[in-house]
Amino acid sequence: MDFSYSEEQQLLQNSVSKFIQQDYDFDRRCKIVNSDIGFSQENWQLFAELGWLMVPFKVEDGGLGGFAVDLMVVMEEFGRGLVVEPFLACAVLSGGLIADGASEAQKRELLGLLIEGQLQLAFAFAEPQSRYNLADITTTAVLDGDSYILNGHKAVVLNGGAADKLLVSVRTSGAQQDCDGITLLLVDTNTAGLHRHEYATVDGHRAAEIKFNNVKVPIANRVGGEGTALPVIGKAIDRATLALCAEAVGAMEKIYKKTVEYTKTREQFGVAIGKFQALQHRMVDMFTEYEQARSVLLMAALKMDANKGVAPKAVSAAKSRIGKAARLIGQEAIQLHGGIGVTEELDVGHFFKRLTTVQYIFGSTDFHTLRFAGH
Amino acid sequence: MDFSYSEEQQLLQNSVSKFIQQDYDFDRRCKIVNSDIGFSQENWQLFAELGWLMVPFKVEDGGLGGFAVDLMVVMEEFGRGLVVEPFLACAVLSGGLIADGASEAQKRELLGLLIEGQLQLAFAFAEPQSRYNLADITTTAVLDGDSYILNGHKAVVLNGGAADKLLVSVRTSGAQQDCDGITLLLVDTNTAGLHRHEYATVDGHRAAEIKFNNVKVPIANRVGGEGTALPVIGKAIDRATLALCAEAVGAMEKIYKKTVEYTKTREQFGVAIGKFQALQHRMVDMFTEYEQARSVLLMAALKMDANKGVAPKAVSAAKSRIGKAARLIGQEAIQLHGGIGVTEELDVGHFFKRLTTVQYIFGSTDFHTLRFAGH
Amino acid sequence: MNIDFSSEELAFQQEVQQFLQEKLPADIRERTLKEIPLDKESFVRWQKILYEQGWAATNWPMEYGGTGWTPTQKYIWANECANFGAPDVIPFGLKMVAPVIFTYGSEEQKQRFLPDILASNVWWCQGYSEPNAGSDLASLKTTAVREGDEYVVNGSKTWTTLGQYADWIFCLVRTGGPEIKNQAAISFLLIEMNHPGITVSPIITLGGHHEVNEVHFDNVRVPVANRIGEEGQGWTYAKVLLTHERTGIARVATSKKRLQTLKTLASETCDGGASLLENPAFAQRLAEVEIDLLGLEFTELRTLAAVSTGKAPGPESSILKIKGTEIAQFIDELYMETAGYYGMPFVREQFKSGFDGEWVGPGVISSSVPRYLNNRKSSIYGGSNEIQKNIISKWVLGL
Amino acid sequence: MNIDFSSEELAFQQEVQQFLQEKLPADIRERTLKEIPLDKESFVRWQKILYEQGWAATNWPMEYGGTGWTPTQKYIWANECANFGAPDVIPFGLKMVAPVIFTYGSEEQKQRFLPDILASNVWWCQGYSEPNAGSDLASLKTTAVREGDEYVVNGSKTWTTLGQYADWIFCLVRTGGPEIKNQAAISFLLIEMNHPGITVSPIITLGGHHEVNEVHFDNVRVPVANRIGEEGQGWTYAKVLLTHERTGIARVATSKKRLQTLKTLASETCDGGASLLENPAFAQRLAEVEIDLLGLEFTELRTLAAVSTGKAPGPESSILKIKGTEIAQFIDELYMETAGYYGMPFVREQFKSGFDGEWVGPGVISSSVPRYLNNRKSSIYGGSNEIQKNIISKWVLGL
């Protein structure tokens with residue numbers, strides 16, 4: 001057993017950490033969030049240059065190794081900085097699908113561009129009625145000659161507005177919630193009949209509603225076999241879930257420490273409020289939640305690496321525990337900051353927003369608790 | 001809407017309260033608990049003389065009116081005193097079954113004696129495998145001429161050791177968990193083939209395992225029709241559950257107040273621990289839980305009276321909420337008392353014991369929460 | 001002891017239902033049920049309808065035009081309003097400044113201010129909190145220095161809810177110098193907002209709402225006649241008011257209605273093979289909060305009953321604030337759970353009146369995260385829940 | 001970073017399994033798995049078996065007869081012991097006084113005391129807490145007044161676990177007068193229990209157990225040679241020990257085994273139409289505590305890893321005490337939930353060894369309420385969880 005970072009991991013962490021501290025302060029982030037596309041192309045290029053976009057991928061795919069622990073290192077730092085560049089949606093989630101499910105030719109075509117920062121991808125899986133059931137798919141693709149014809153509505157597609165290409169989970173056979181009959185298609189976002197409605201999400205990211213009205217997709221754009229995409233999708237979502245957990249752990253470390261520091265300076269009734277024992281014990285609870293959350297994250301990352309990328313139960317444990325911690329730490333940070341905590345002005349509120357949405361992305365805390373329990 | 005006690009209720013409360021304060025201090029209770037039969041015959045006679053055993057019954061059955069609010073008045077006081085006399089098991093639960101389910105002749109025979117304090121009853125409903133499912137019954141009664149022949153095992157029968165007669169829920173037809181086919185029989189405890197193993201329960205009460213080995217019960221001892229007893233049983237258990245809730249509310253009032261007083265005198269690090277804000281806020285939570293518990297109790301009692309004794313959803317709401325409050329208040333009382341709280345020597349620990357068992361008698365907190373939700 | 005309505009009360013309930021059925025404007029009803037913030041015009045329109053009915057001031061004595069309702073009537077009113085989707089009245093005039101005026105104001109002040117409040121002709125806002133003061137109200141720094149018949153007011157107030165619409169503000173100001181003991185230096189002033197020395201700057205809260213503001217006073221001259229009661233007694237008046245206000249704050253009727261809506265939504269939400277309402281984990285949480293709300297409803301009724309027998313609501317009524325906000329915030333979380341991904345979209349346009357674009361997400365659900373974020377303030381404002389716990393600890397438990 | 005065992009570690013694991021398989025007495029195993037308290041004879045018997053194997057002292061340096069195990073080996077050992085139903089060793093000699101003796105004791109003291117501790121020839125108990133002192137250890141009142149080569153000890157100690165069996169007690173006593181600053185007046189003494197001035201009186205805890213005692217000292221004469229280290233340094237020695245002790249206190253392996261047992265029990269418990277394990281409310285609670293325990297396991301491993309790189313376990317290891325007791329107590333509650341009515345019977349006879357009557361209730365379940373009651377002490381003893389929070393607040397968060 002060994003809990004120390006390798007030299008490479010240490011270098012990676014230092015590199016991302018330096019970027020967050022020097023180039024990603026709260027003001028800059030606000031400007032980026034409020035910009036037209038909602039993230040910085042310049043930063044994205046920097047991520048590519050510094051090799052961070054290689055992190056999710058195996059060496060043979062042009063990546064750094066694709067270890068979950070490496071991914072955790074990057075995402076924890078991104079969490080500390082509340083990074084909005086679409087690393088999770090594009091590189092981890094969509095990239096993961098391609099790395100895992102695509103043919104060698106497709107990989108060659110797409111992964112190189114992605115790793116160079118030249119290709120934005122998004123994965124359109126959720127639908128208005130599907131909630132967290134990845135198999136609940138009503139978007140249909142019917143084979144017509146050497147093309148599929150797509151019809152349907154994909155909901156809250158993360159990075160869906162900026163994406164050059166979409167990976168779309170479609171139903172090619174079976175009933176609405178069947179596990180079989182799900183296929184993955186790669187769709188150019190400028191294809192006729194594809195409509196996007198992009199909007200901001202409450203945490204400063206971007207998403208889109210995407211509707212397909214007889215959209216024609218060449219059969220060559222199918223990723224993997226017909227009707228057998230669900231396991232690949234599940235694995236990619238699990239991996240992205242782990243990455244999201246790491247981001248949350250980074251964010252909650254930041255926010256609990258900020259809260260502790262704030263209470264040392266903020267005075268009420270003539271005393272720093274950090275001297276009030278009731279608040280002290282609550283901050284100890286925040287600290288404890290953070291430590292437990294980080295432990296479960298480590299556990300899941302190590303299990304995933306030990307099990308060649310498949311560790312659904314460990315991922316659900318992490319998502320459940322981290323969701324619980326994110327809730328408590330977020331709510332307490334706001335409550336202990338008082339009025340200033342609920343304003344847009346202070347960074348703490350923005351950490352709170354992200355710590356709220358991470359509780360619901362890729363399955364809520366309850367969902368993952370019951371999934372862990374085997375229900 | 002009116003939340004004040006009637007003059008009669010006020011008198012009843014004063015009478016029980018005076019008894020608890022003057023004749024039921026902690027030392028006396030300990031002696032009673034450790035006595036051979038585990039309660040005081042003398043007190044039981046006093047309950048009869050003061051008319052308290054009339055409280056659960058309607059005027060036409062020789063009672064005071066049988067209102068849930070009256071019952072609540074008595075049980076809250078009993079909770080404050082941790083009374084171990086079998087008012088709940090004998091008068092409320094078993095008496096309730098007879099009042100509701102028995103023929104006029106049976107009522108005449110039994111209720112008079114009960115109200116005079118001359119008859120101890122117990123209701124044997126649970127079985128080793130049944131948990132909280134009142135319909136899960138494997139004890140069988142087979143008609144043989146003009147008698148039933150009983151075989152089976154009833155578990156943790158409250159007041160089962162002292163009872164002169166038992167009410168037993170038996171299966172006369174149907175499968176193990178069927179709602180139909182359940183019959184109620186009145187069995188003399190000195191009948192041949194009936195074996196009792198009495199023991200103390202952890203809260204200072206008594207219970208017994210009761211085994212039936214070809215026990216012969218005259219058909220005249222059937223209470224109500226054959227196979228149709230479940231609704232009557234359900235109603236009696238609900239009513240007893242409400243009474244138990246009232247007892248718990250009385251006990252939790254006592255214990256939270258004792259805790260507050262204790263922290264005013266107990267010093268650590270040179271200060272009364274009641275001055276530590278972290279503990280203050282926790283005691284405020286205890287107070288809040290108590291007030292909320294008492295409110296739900298009132299709600300359920302009033303609903304039961306308004307609905308002629310049938311209010312399963314309100315009872316489950318009360319049991320669920322009061323179970324939650326009993327847990328928090330009990331645990332916090334012990335924790336705030338520190339070491340002395342976990343000793344047999346101090347009364348607080350005994351309140352804690354009872355507040356623990358009430359969480360599980362007649363259905364656990366979870367059970368009633370899901371029952372309230374309709375699951 | 002009983003919980004039945006009398007026949008008079010049942011008749012009153014019918015009258016209320018009929019009134020709401022007939023007079024509540026459909027657009028206001030829809031926005032309220034969808035939990036979309038109303039604009040000023042809607043609030044004023046609805047309050048004028050109430051005024052015409054004679055039901056604007058449910059907490060005023062009849063002599064000033066109040067309804068003189070019993071606690072049970074108020075309970076019925078609150079429940080029916082929540083059920084029909086009638087919005088709460090803006091409390092600053094009717095519920096906050098008016099009681100101070102009719103209790104401590106001069107005859108002239110009563111005649112001058114109360115009718116316009118009743119008729120919703122004037123929009124009031126509250127100037128208690130100050131930047132950096134938090135829940136420590138008594139430490140306020142806004143000064144009012146007397147010059148002849150006027151006070152010259154300087155300083156800042158904050159968390160001024162809907163102050164952007166206000167015609168008048170009621171303020172706690174410091175009229176005494178540092179030699180006077182803190183609370184005895186505080187007076188209660190009414191100030192017109194159109195004064196050039198007043199600027200209002202918005203504070204945007206996490207949910208993206210512009211509800212609260214900072215109000216700055218730069219040499220604002222206020223006639224001494226606008227002071228309520230005696231100089232140095234402002235803190236006393238405000239405190240009485242604060243206790244008075246604690247009951248409405250439980251918002252039981254609103255939470256009941258929201259739970260009911262939530263159940264419908266959850267029953268329409270697919271979760272695996274069944275509806276979310278049938279998911280036992282969800283059902284259990286829902287049941288727990290529903291039961292807790294039942295308890296709170298009866299805790300409030302017990303408090304009201306005590307008040308109606310002449311007792312002032314005691315410090316134990318602080319639990320109404322604590323539990324009321326906790327329950328409301330927990331309901332927010334159940335909305336988010338129900339919304340899933342659709343809690344996240346933050347599409348400001350679709351909350352503007354007259355929006356006719358394509359709505360993202362299904363109705364009330366689609367703003368559940370912003371609403372959750374915005375509602376975190378409820379356990380902070382109005383005396384934070386921590387302050388409420390200190391009050392109970394000191395005044396109820398004697399610690 | 002990895003969590004794989006090396007091949008040496010895997011071999012060690014097998015060795016441990018084989019040892020436990022062969023050497024753990026069946027009666028001790030059964031009582032441990034049923035969570036019935038062991039008697040003295042059983043503890044001593046098992047410890048002597050460990051001694052013969054050379055595995056009695058897992059936390060001692062090899063030079064004194066310790067195992068010299070790595071953190072991973074200790075982790076394997078703890079897990080396998082819990083799995084097989086091997087009881088924890090009584091810590092007072094091996095884990096509490098021995099480290100003080102081998103760290104701060106004289107050569108003569110080491111040779112006199114350590115071998116008997118290692119061989120389980122002598123039963124030790126702890127004399128830190130005093131009546132009314134609670135978690136405020138430094139306020140102790142037991143005095144040791146020097147007369148020639150002896151100290152004369154007077155006072156009382158309390159919560160002395162299993163003191164009824166003890167041959168020796170290690171005590172913190174006050175050797176300085178009131179002129180000396182509190183903690184500098186405290187010394188560390190070893191006292192033989194067979195002295196006529198010592199009386200042990202039992203304290204019965206809520207679960208009906210006699211586990212703890214009060215120990216009274218009436219003019220007990222103790223040779224100065226029995227003092228560890230210097231006079232007035234006892235507090236320093238004890239504090240080092242307290243931090244040292246904090247890791248074992250998480251009891252992760254035991255809680256893991258108990259959860260596993262609980263799952264089996266719940267799967268055999270009928271709940272409506274299915275098993276209790278299939279009841280989603282129960283399954284959710286179970287999953288939550290199982291996940292929290294996974295977290296605690298890794299929190300402990302992280303702490304151990306830090307220690308093995310030479311760092312002392314810091315104050316942040318207080319969370320091991322807090323979470324460890326919280327989780328264990330929560331598991332107690334799940335046992336009660338599973339037991340239903342059968343948690344309540346309180347039949348002392350059936351826990352005595354040699355009981356051959358009819359057992360009430362199904363095995364381990366039937367004492368779940370008494371066990372829950374008794375285990376409430378774990379968040380109070382050993383520095384209450386409130387004290388642990390104060391420690392984290394001050395030394396980790398800097399508040």
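Just so you know, these numbers come straight off a predicted model, no measurement behind them. All chains are named by letter (A, B, ...) in the order of the sequence lines, taking the proteins before the strands, and each is independently numbered beginning at 1.
- By the 6.0 Å contact criterion, CD on B:Q10 is enclosed, its count of non-hydrogen atoms from other residues, nucleotides or ligands being greater than 12.
- Within the 4.5 angstrom heavy-atom criterion, atoms from both the backbone and the side chain of B:V260 approach chain C.
- Considering only heavy atoms from C-beta on, C:Q284 comes within 4.5 Å of B:D366 through its side chain.
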Check: For C:K323 and B:E291, what are the C-alpha separation, side-chain angles and deciding distance, and is it a salt bridge (Lys or Arg N to Asp or Glu O under 4.0 Å)?
Finding: CA-CA 11 Å; C:K323 290 303 298 182; B:E291 290 290 339; over 6 Å; no
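- Heavy atoms closer than 4.5 Å to chain C are found in the side chain of B:F287, but not in its backbone.
- Interface remark: of the candidates B:V296, B:V69, B:D305, B:T369, B:T369 forms the most heavy-atom pairs closer than 4.5 Å to chain C.
- Of the two parts of B:F67, neither the backbone nor the side chain holds a non-hydrogen atom closer than 4.5 Å to a non-hydrogen atom of chain C.
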Note to self: With side-chain contact (heavy atoms from CB on, under 4.5 Å) as the criterion, how do C:R302 and B:S295 come out once you've worked through the C-alpha distance, each side chain's angles and the decisive distance to 0.1 Å?
What the structure shows: CA-CA 8 Å; C:R302 285 164 60 202; B:S295 290; 2.8 Å; yes
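- Interatomic distance, C:L293 CG to B:R321 CZ, rounded to the nearest 0.5 Å: 11.5 Å.
- More than 12 heavy atoms of other shown residues, nucleotides or ligands fall within 6.0 angstrom of atom CD in B:E60.
- Only the side chain of B:A306 comes within less than 4.5 Å of a heavy atom of chain C; its backbone N, CA, C and O stay farther away.
- In this structure, the separation between CG on B:L297 and CZ on C:F298 is 11.0 Å, given to the nearest 0.5 Å.
- The line from OG1 of C:T299 to CD of B:Q292 is 4.0 Å long, rounded to the nearest 0.5 Å.
- Side-chain polar atoms of C:E288 and B:S320 form no donor-acceptor pair below 3.5 angstrom.
- Contact annotation for B:L302: both backbone and side-chain heavy atoms come within less than 4.5 Å of a heavy atom of chain C.
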Next item on the list: Please test C:N390 against B:H281 for side-chain contact (heavy atoms from CB on, under 4.5 Å), starting from the C-alpha separation and ending with a verdict.
Entry: CA-CA 7 Å; C:N390 289 345; B:H281 282 200; 2.7 Å; yes
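- Contact count against chain B (heavy-atom pairs under 4.5 Å) is highest for C:D292 among C:D4, C:D292, C:T70.
- The contact between C:L301 and chain B is made by backbone and side chain atoms together, counting heavy-atom distances below 4.5 Å.
- Distance check: C:K389 NZ to B:Q280 CD gives 12.0 Å after rounding to the nearest 0.5 Å.
- If you measure heavy-atom distances from C:E386 to chain B, the contacts under 4.5 Å come from both the backbone and the side chain.
- Atom NZ in B:K275 sits 7.0 Å away from atom CG in C:L399 (nearest 0.5 Å).
- Your options are C:L294, C:L397, C:T72, and the one with the most heavy-atom pairs under 4.5 Å with chain B is C:L397.
- At most 12 heavy atoms of other shown residues, nucleotides or ligands fall within 6.0 angstrom of atom NZ in B:K58.
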